[in-house]
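As structure tokens, the structure follows; a few thoughts come after it.
Atoms within a ligand are numbered from 1 in the order they appear, just like the ligands themselves. Computed over heavy atoms, backbone and side chain alike; hydrogens, waters and symmetry mates excluded.
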Amino acid sequence: MSNLDYETLEKELVYKRKNGFRTMSDKEIKIAFDFAEKYKDYLNSSKTEREAVKTSVEMAKREGFVEWESEKTYKEGDKIYFVNRNKAVILVKFGKLGLEKGVNISVAHVDCPRLDLKPNPVYENESLVYFDTHYYGGIKKYQWVTLPLALHGIVVKQNGEKVEICVGENPDEPVFYITDLLPHLGAEQMKKSLGEAITGEALNVLVGSACVKDEKISNAVKLNTLKILKDKYGITEGDFMSAELTLVPADKARDIGFDRSLIASYGHDDRVCAYPSLLALFDAKDIERTAIVCLTDKEEIGSMGNTGLESNYLFDFIEDLAVVSGVNPRTVFRNSKCLSADVNAAYDPAFSEVYEKNNSSYINCGLVVTKYTGARGKSGSSDATAEFVGEIRRAFDENDVLWQMGELGKVDIGGGGTVAKYVANRNIDVVDVGVPVLSMHAPCEAVSKIDVYSTYKGILTFFEKIV
Ligand code: MN
Ligand code: MN
């Protein structure tokens, strides 16, 4: 064989991961960068699951989606949504085929790691007033000190009235803040491990220092803060007991790098799959099978609760659609297919020791398909069948979707879980797909614009081409 023949043979036999900046046209890269601008707007208006649901429903209404009516039968082209307790939403676009042929579902979660306020959060210590927090999801606690934090959420008052609160997002609003020790006095602290230096109980957020002018009041700074809250929101200290208030980084999404190829933001995990899922549903044309997007809650704490996917709300909803159409729900589930759209850990050269190079996902190499998650011997994973992965792979290749395979880190180093196993419980074919993320679960995470766009294109292909 001549050298040239070996080159041909290599091309035919050897798999090479593709980098979008090498393989995509300039025109398509521009489309990906434009897509990122709208994604950044979504991030900035969706810092909690409630806000993500609200933003998503507003977008869906502009696309002609209407609220689900449980007794109604729907036909091809109908577009509906169902909101579950303001924290999760299901959106449906009906296809040509009957539900008995199965549906195509893309699920992403819209909750993120954060600092929730405790039910009795306000206390004063030496003339400073704090909110006591209980963190939500997997965080590295040391990352949350000395950051500008914004307060988001709702308070349900004693009289049942609901008050929405959002402070710290506009430049003219105040932010909140957790202190850290100065290096000059930090010698003992610096001897501790990263996991021990800042404890969960130490995540106390500074919210004020001014007091009311009355010597007889013992907690005059706390009272001053409570007075401000009463004046502004009409709430009392007791109202915190029936509230969901959360502290998140106050920053907006920004580009990273001279080439602006990456996006830095809080909450990419998993809005970076929620937004492409939504846009793919909006843009999907002439679909054979009914397409469903579910933006769910509570993934970061194990999908528990009635707004998480361990509950039946998504499956009950599909059952309800089936029953009014006279279709056996189990037939629908058996024939359905699902992308569990969630992030994966991008290979990080700065921490190469925890990754296995050949089986990691890489920045700018597109949507990552993850056949199985889990820890140790794939424990807790829904391992997708080779047949289903093969079907997805073929569709992606035929439709020029930039994609790659990836595991989360080296075997026995750690692992993770997604909602895939809860979908699989209903005998639905499911595989994990998503965007590779740098610094996952940090207050500011990083993703590539090409990967976000490729995820949109992959999900659109799934809706339009997989029958
Ligand atoms: Mn996730
Ligand atoms: Mn996560």
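- Using a cut-off of 4.0 Å between Lys/Arg side-chain N and Asp/Glu carboxylate O, Lys421 and Glu310 are scored as not salt-bridged.
- Using a 4.0 Å cut-off between charged nitrogen and carboxylate oxygen, Lys410 and Asp412 do not count as a salt-bridge pair.
- Asp239 and Tyr233 share no side-chain donor-acceptor pair at under 3.5 Å.
- Here Glu299 fails the criterion, with no N, O or S atom under 2.8 Å of the Mn ion (ligand 2).
- Not a single N/O/S atom of His109, whether from backbone or side chain, sits less than 2.8 Å from the Mn ion (ligand 2).
- The Mn ion (ligand 2) sits nearest to atom OE2 when only the N, O or S atoms of Glu300 are considered.
- For Lys118, the NZ atom counts as densely surrounded, since its 6.0 Å shell holds more than 12 non-hydrogen atoms of other residues, nucleotides or ligands.
- Distance check for Asp270 against the Mn ion (ligand 1): none of its N/O/S atoms falls below 2.8 Å.
- Look at Asp342 and the Mn ion (ligand 1): an N/O/S atom of the residue is under 2.8 Å from the metal.
- Heavy-atom neighbours of Phe21 CZ from other residues, nucleotides or ligands within 6.0 Å: above the threshold of 12.
- For Asp269, the N, O or S atom closest to the Mn ion (ligand 1) goes by the atom name OD1.
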